[in-house]
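On a predicted model such as this, the values are computed, not experimentally measured, just so you know.
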Amino acid sequence: MLGFVRTDNEALVSCLGDPQRAVAAYRELLRRTEDALGAIRAGLSHESAAVREGCCRLLDHLVDTESMGELITMADDPDARVRIAAFHALACDRCKGDTCAPGADRVLEPALRHLASDPDPRARAMAAELVGKFAHTDARAVAALRRSSAQDPSPAVRKKAGWFIPGGAVYERTAPHPPR
């Protein structure tokens, strides 16, 4: 099956770090859904950054409430690609809906910290998306996004942060509608 010597969940998670096998392993783990969650969670502490990144990307689709704390922890991973994948998984509702989306009490502080000081501009841009989820409900989010929109050294981060502040395209599109 799949051309792998072993096809148990743990072996497939390890294959996420092998460029030749990563795509097939990712697809198979995604197909296995909840059956693979334990191995995917364990993969978040793997020595290979590529494996940790792949596990974060899988949790974007398969996340459950039990995995949320571990995914939040990955926002502080030493590898920028892992942080980017973790922030994407925490910010993106498209793949998972709001059923287990973490609240500001759990994710806003790490997102604010990385938006302000992450050395990687792509990680700051993904942190801006997560901070932007709270722009309608938390003044700290708007203040941080305004700062980034005006002062971030990366034009891409400035642009993305601007989308989430009042007057920005995403902010206006996601504004709560008044009750009728």
Side-chain angles (χ1 to χ4, degrees), residues 13 16-17 19 22-23 25-31 33-34 36-37 39-46 48-138 141 144-145 148-149 152 154-165 168-171 173-174:
V13 165
L16 293 171
V23 172
Y26 180 91
R27 287 181 181 154
E28 179 61 18
L29 287 163
L30 192 58
R31 188 190 69 73
T33 63
E34 291 84 21
L37 273 174
I40 293 167
R41 281 190 211 111
L44 293 173
S45 59
H46 197 277
S48 166
V51 171
R52 297 192 308 272
E53 176 190 11
C55 289
C56 287
R57 289 182 29 240
L58 282 161
L59 287 175
D60 180 30
H61 298 276
L62 303 175
V63 73
D64 60 351
T65 52
E66 293 176 38
S67 304
M68 196 54 64
E70 294 172 76
L71 193 54
I72 292 167
T73 301
M74 299 313 292
D76 290 323
D77 192 88
D79 190 277
R81 294 168 302 166
V82 176
R83 295 192 305 273
I84 292 164
F87 279 125
H88 173 82
L90 293 167
C92 178
D93 294 331
R94 187 175 338 134
C95 302
K96 63 186 122 355
D98 286 329
T99 55
C100 64
D105 60 318
R106 296 189 70 194
V107 297
L108 188 55
E109 285 302 324
L112 290 169
R113 187 174 68 253
H114 285 276
L115 178 59
S117 63
D118 196 287
D120 189 281
R122 295 164 303 153
R124 292 194 308 275
M126 285 310 306
E129 285 190 30
L130 184 54
V131 171
K133 287 182 70 168
F134 304 102
H136 293 286
T137 58
D138 195 302
L145 289 163
S148 288
S149 177
D152 195 277
S154 167
V157 175
R158 290 193 306 268
K159 179 179 180 179
K160 188 173 267 191
W163 293 345
F164 293 96
I165 59 176
V170 176
Y171 183 90
R173 186 179 73 232
T174 59

> Does V23 reach the side chain of Y26, with side-chain heavy atoms less than 4.5 Å apart?
Replying inline: no
> OG/S149 to CZ/F164 distance, rounded to the nearest 0.5 angstrom?
Replying inline: 11.5 Å
> Is there a side-chain contact between K133 and L130 (heavy atoms, below 4.5 Å)?
Replying inline: yes
> Would you say the side-chain atoms of S148 pair up with the backbone N or O of L145, donor to acceptor, closer than 3.5 Å?
Replying inline: no
>> So, taking the atom named CG in L58 and the one named CG in L62, what distance separates them when rounded to the nearest 0.5 Å?
In response: 6.0 Å
>> Tell me the closest heavy-atom pair linking G17 and A50, and the distance in Å.
In response: CA-CB, 3.9 Å
>> If I compare all heavy atoms of S154 with all of R124, which pair ends up nearest, and what's the gap?
In response: CB-NH2, 3.7 Å
>> Can you confirm whether L59 sits close enough to L37 that some side-chain heavy atom of one is under 4.5 Å from a side-chain heavy atom of the other?
In response: yes
>> Nearest 0.5 Å, please: how far is CE in M126 from NZ in K160?
In response: 5.5 Å
>> How long is the straight-line distance from CZ of R57 back to CG of L30, given to the nearest 0.5 Å?
In response: 10.0 Å
> Partners of E70 by salt bridge (Lys or Arg N to Asp or Glu O under 4.0 Å), sequence neighbours excluded?
Replying inline: none
> What heavy-atom pair brings L44 and R52 nearest, and what distance separates the two atoms?
Replying inline: O-CD, 3.1 Å
>> How long is the straight-line distance from CG of L112 back to CG of D138, given to the nearest 0.5 Å?
In response: 7.5 Å
> Roughly how far, to the nearest 0.5 Å, is the CH2 atom of W163 from the OG1 atom of T174?
Replying inline: 13.0 Å
>> Taking side chain to side chain contact (heavy atoms under 4.5 Å, CB included) as the definition, give me every residue that meets it alongside A123, ordered by chain and number, with sequence neighbours left out.
In response: R83, I84, D118, D120
> In chain order, what residues pass the ring-ring contact (aromatic ring centres under 6.0 Å, His included) check against Y171, with sequence neighbours excluded?
Replying inline: H136
>> Working note: I72 + E109, criterion side chain to side chain contact (heavy atoms under 4.5 Å, CB included); need CA distance, chi angles, decisive distance, verdict.
In response: CA-CA 11 Å; I72 292 167; E109 285 302 324; over 6 Å; no
> What are the two closest heavy atoms between L16 and A22, and how far apart are they?
Replying inline: O-CB, 3.6 Å
>> For V13 versus C55, what's the shortest heavy-atom pair and its separation?
In response: CG1-SG, 3.8 Å
> Of all residues at least two apart in sequence or in a different chain, which pass the side chain to side chain donor-acceptor pair (under 3.5 Å) check with D76?
Replying inline: R113, H114
>> Can you list everything that forms a side chain to side chain donor-acceptor pair (under 3.5 Å) with R81? Sequence neighbours excluded, please.
In response: D79
>> Can you give me the closest heavy-atom contact between A111 and A127, atom names plus distance?
In response: O-CB, 3.6 Å
>> Please enumerate all residues that pass side chain to side chain contact (heavy atoms under 4.5 Å, CB included) together with A36, with sequence neighbours excluded.
In response: N9, L29, R32, I40
> Does atom CZ of R122 have more than 12 heavy-atom neighbours from other groups under 6.0 Å away?
Replying inline: no
> Are R173 and V170 side-chain neighbours, meaning at least one heavy-atom pair lies under 4.5 Å?
Replying inline: yes
